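Following: one structure in structure tokens, then a few remarks.
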Amino acid sequence: MNLICSLKCTVCWAVLAALFFGGSFLFTFWGVQKIIRSQIISQTALIKDTDQWDRFLELPFPVSFVVRFFEPINIDGILYNNEKPILNESKPYIYKLYIKKENLRYDDDEEDSVNYNRNMIFEFDNSSETLDTDEITIINPVLLASLQLSNNIERLALAGCLEKLYKPDLKPEIFISVQVKKFLFDGLNFAYANDTDLGVACNFVRTKMISMTADLRNIEHIDEGDGKDYLRFTVFNYKTQNYAKYSPDGRFTINRGQTDINQLGQIIRWSSGTLSIDGTSLNIWGTRTSINNESCAAIKGTDSTIYKPQIEENENIYVYNTDICRYVITKFYKANYIT
Ligand SMILES: *[C@@H]1O[C@H](CO)[C@@H](O)[C@H](O)[C@H]1NC(C)=O
Ligand SMILES: *[C@@H]1O[C@H](CO)[C@@H](O)[C@H](O)[C@H]1NC(C)=O
Ligand SMILES: *[C@@H]1O[C@H](CO)[C@@H](O)[C@H](O)[C@H]1NC(C)=O
Ligand SMILES: *[C@@H]1O[C@H](CO)[C@@H](O)[C@H](O)[C@H]1NC(C)=O
């Protein structure tokens with residue numbers, strides 16, 4: 001009797017134990033994953049006053065922004081002997097880039113969106129092997145722009161005035177040497193209004209130059225009053241708050257991921273001046289699509305500061321880059337760490 005009972009109990013315990021283990025396996029494989037997933041969603045979606053929200057407002061670490069120049073080293077050969085340019089890659093100029101989101105609006109719950117401008121602060125990393133006061137040789141960007149934007153007659157008028165108009169930071173030459181920090185951020189200034197020997201003709205050319213460059217994001221018209229009225233060329237100043245015009249980095253409307261976490265960070269609309277009318281496509285690339293229906297004009301992807309969680313290996317990650325007005329596709333690969 002006793003024996004049978006204990007046998008029964010053993011069986012009973014075995015069944016219970018099996019159920020328990022089975023249950024816990026199920027729980028591990030399904031339940032825990034589900035819980036982790038819901039945790040990930042609640043911690044990565046953009047919800048006000050969460051850690052993720054703070055990380056979104058300001059990236060907690062600077063991003064490395066590396067610039068390299070390709071300097072022509074056979075300038076005389078190019079100019080006088082029809083030689084092909086031989087380019088020498090410079091050492092890297094490394095900036096620490098701090099990205100903040102500003103002028104936020106967070107009121108469209110139905111669209112599940114937030115919109116904002118980016119503010120970027122560049123700080124030269126002076127621990128690197130280069131200095132931002134180094135001089136580099138480049139193709140004169142203002143001369144190129146002047147030639148591209150003018151017709152033959154205007155070019156004739158321009159030719160006689162370039163020497164005067166390009167003062168003080170530029171020369172009417174194809175290749176010029178400039179300081180890295182002036183070229184990238186501080187500005188190469190030219191076409192000063194206070195230059196008394198401009199004369200009527202060149203003053204007219206100056207006015208024309210100002211109106212022709214009004215839509216270029218690399219050339220700003222600065223008027224500080226007291227005759228300090230001039231043009232300023234920079235490569236990246238438009239990304240910063242020192243920029244004089246509207247922000248060409250644009251205004252982003254992205255998905256908060258509260259409704260669908262897979263949409264987190266995806267750009268819904270991006271607008272910048274006249275570059276994009278509807279916010280979802282650019283009007284500078286035409287309407288043609290490639291064989292796989294990719295279009296240069298499409299605005300899609302994230303702004304590179306926020307991504308959905310649980311990206312799969314080999315998955316295409318779209319990032320919209322405002323410098324080239326294009327989205328780019330990157331892939332996520334798991335690194336192979338040697339243990
Ligand atoms: C090419 O660039 C390197 C730095 O990247 C520099 O050390 C070298 O002097 C350059 N060569 C010429 C011919 O300018
Ligand atoms: C590097 O930059 C930091 C912060 O701007 C400054 O305090 C430091 O003096 C700089 N070092 C050099 C060698 O210029
Ligand atoms: C014009 O103004 C600039 C900046 O203030 C100054 O450097 C330059 O000497 C002035 N030129 C003349 C001709 O007054
Ligand atoms: C591209 O789009 C067209 C029209 O919408 C469609 O007929 C075609 O199947 C698509 N091609 C691919 C590769 O997706």
Side-chain angles (χ1 to χ4, degrees), residues 59 61-99 118 120-148 159 162-163 165-191 216-220 231-240 242-243 248-249 304-305 317 319-331 333 335-338:
L59 272 194
F61 48 83
V63 180
S64 218
F65 187 88
V66 183
V67 184
R68 287 167 201 269
F69 301 95
F70 290 87
E71 298 183 82
I73 51 176
N74 59 333
I75 290 177
D76 283 348
I78 301 169
L79 291 179
Y80 307 114
N81 287 329
N82 265 334
E83 281 176 22
K84 283 187 183 158
I86 300 171
L87 302 176
N88 186 26
E89 184 173 341
S90 75
K91 292 196 172 124
Y93 289 81
I94 304 170
Y95 288 82
K96 287 181 191 159
L97 166 58
Y98 299 86
I99 304 176
R118 296 191 298 188
M120 305 198 189
I121 296 157
F122 293 85
E123 191 183 277
F124 189 71
D125 183 352
N126 54 12
S127 66
S128 64
E129 50 182 336
T130 49
L131 289 172
D132 62 352
T133 49
D134 289 351
E135 295 244 320
I136 46 147
T137 302
I138 48 156
I139 292 189
N140 186 340
V142 175
L143 182 62
L144 276 192
S146 309
L147 295 180
Q148 276 181 359
L162 287 187
E163 186 85 45
L165 282 173
Y166 280 179
K167 281 192 296 188
D169 287 338
L170 293 166
K171 292 191 186 91
E173 288 165 10
I174 295 185
F175 297 102
I176 52 172
S177 282
V178 293
Q179 211 178 51
V180 168
K181 74 180 197 174
K182 277 190 147 193
F183 179 53
L184 297 183
F185 295 103
D186 293 355
L188 300 167
N189 298 338
F190 61 103
L216 298 186
R217 69 177 167 194
N218 297 111
I219 296 180
E220 299 157 81
L231 291 172
R232 170 166 82 189
F233 175 92
T234 60
V235 179
F236 291 127
N237 193 40
Y238 74 87
K239 290 164 163 294
T240 74
N242 305 326
Y243 196 69
D249 188 54
S304 84
T305 61
I317 301 169
V319 176
Y320 181 66
N321 184 307
T322 58
D323 297 326
I324 55 174
C325 293
R326 273 284 280 134
Y327 66 84
V328 290
I329 304 171
T330 58
K331 266 192 201 304
Y333 292 109
N336 287 315
Y337 294 108
I338 299 161

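In each ligand, atom 1 is the first atom listed, and ligand 1 is the first ligand listed. Values below: every heavy atom of this structure, side chains too, minus hydrogens, waters and symmetry copies. Index from 1, following the sequence. The shown structure was predicted, so the numbers you read here are calculated from the model rather than taken from an experiment.
- An N or O contact shorter than 3.5 Å is missing between Ser90 and ligand 1 by distance.
- Annotation: Phe190 is not in aromatic contact with Phe233 [ring centroid separation under 6.0 Å not met].
- In plain terms, the two heavy atoms of Lys182 and Asp169 that are nearest each other are NZ-OD1, 3.1 Å.
- Residues Asp323 and Lys239 are paired through a salt bridge, judged by an N-O separation under 4.0 Å between the basic side chain and the carboxylate.
- Contact annotation: the side chain of Phe185 never approaches that of Asp132 to less than 4.5 Å [non-hydrogen atoms, C-beta and beyond].
- Within ligand 1, the atoms closer than 4.0 Å to a non-hydrogen atom of Asn88 are 1 (C), 2 (O), 3 (C), 8 (C), 10 (C), 11 (N), 12 (C), 14 (O), numbered from 1 in the order shown.
- Of the heavy atoms in Glu89, only backbone atoms (N, CA, C, O) come closer than 4.0 Å to ligand 1.
- Evaluated for a side chain to side chain donor-acceptor pair (under 3.5 Å) with Tyr93, the options Thr130, Asp134, Asp125 yield exactly one hit, Asp134.
- In terms of protein heavy-atom proximity, atom 4 (C) of ligand 1 is nearest to Lys91 CG, 3.7 Å.
- For atom 9 (O) of ligand 1, no protein heavy-atom neighbour is present inside the 4.0 Å cut-off.
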